[in-house]
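One structure is given here, and the rest of the page talks about it.
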Amino acid sequence: MISLRRESFKDDSWLRKLFFRLCGDEKEHVSRSDLEKLVVEHGVTMADYELLALMKRIDRNGDGWITYDEFHDFIHSMDALDR
């Protein structure tokens with residue numbers, strides 16, 4: 001399991017690895033089901049509406065897919081809120 005702890009944020013290589021592990025090397029985006037797998041893997045329980053809200057928050061352009069840039073920006077925005 002890849003850690004989402006703040007000390008990991010100094011180098012984005014872990015984030016890129018996590019993103020491509022989620023979506024697979026053949027895709028360049030994360031689907032809602034991919035996001036759900038990540039949430040479950042980290043022991044988080046979410047209702048469907050909460051997962052949908054999270055997806056909408058990360059998917060800035062609203063196309064139903066999370067790109068690496070959207071994923072990166074969301075993770076780093078969460079780190080900034082935690083400071």
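What you see below is based on every heavy atom in this structure, not just the backbone, and it leaves out hydrogens, waters and symmetry mates.
- With values rounded to the nearest 0.5 angstrom, H29 atom NE2 is found 11.0 Å from D59 atom CG.
- For the atom pair L18 CG and D12 CG, the distance stands at 11.5 Å (nearest 0.5 Å).
- Note on ring orientation: taking the six-membered ring where Trp is involved, the planes of F20 and Y68 are parallel (angle under 30°, cut-offs 30° and 60°).
- Using a 4.5 Å cut-off between side-chain heavy atoms of Ile, Leu, Val, Met, Phe, Trp and Tyr, with links allowed through other members, I75 and V30 fall into the same hydrophobic cluster.
- In this structure, SG in C23 is found 11.5 Å from CG in L38, a value given to the nearest 0.5 Å.
- Residues V44 and L35 are members of one and the same hydrophobic cluster, defined by side-chain heavy-atom contacts under 4.5 angstrom among Ile, Leu, Val, Met, Phe, Trp and Tyr.
- Applying the side-chain hydrogen bond (donor to acceptor under 3.5 Å, both in side chains) rule to R60 yields the partners D73; only residues at least two apart in sequence or on another chain are considered.
- Residues R32 and D48 have side chains in contact (heavy-atom distance under 4.5 Å, counting atoms from C-beta outward).
- In this structure, the separation between CG on L52 and CD on E36 is 11.5 Å, given to the nearest 0.5 Å.
- The structure places CG of L15 at 11.5 Å from CZ of F74, a figure rounded to the nearest 0.5 Å.
- The side-chain heavy atoms of V39 and L54, taken from C-beta on, include a pair separated by under 4.5 Å.
- F19 and E28 make their closest contact through CZ-O, 3.8 Å (heavy atoms, listed as atom of the first residue, atom of the second, distance).
- No continuous path of ILVMFWY side-chain contacts below 4.5 Å connects L22 to V40, so the two sit in separate hydrophobic clusters.
- Side-chain atoms of E70 come within 3.5 Å of backbone atoms of N61 as a donor-acceptor pair (strictly under, hydrogens ignored).
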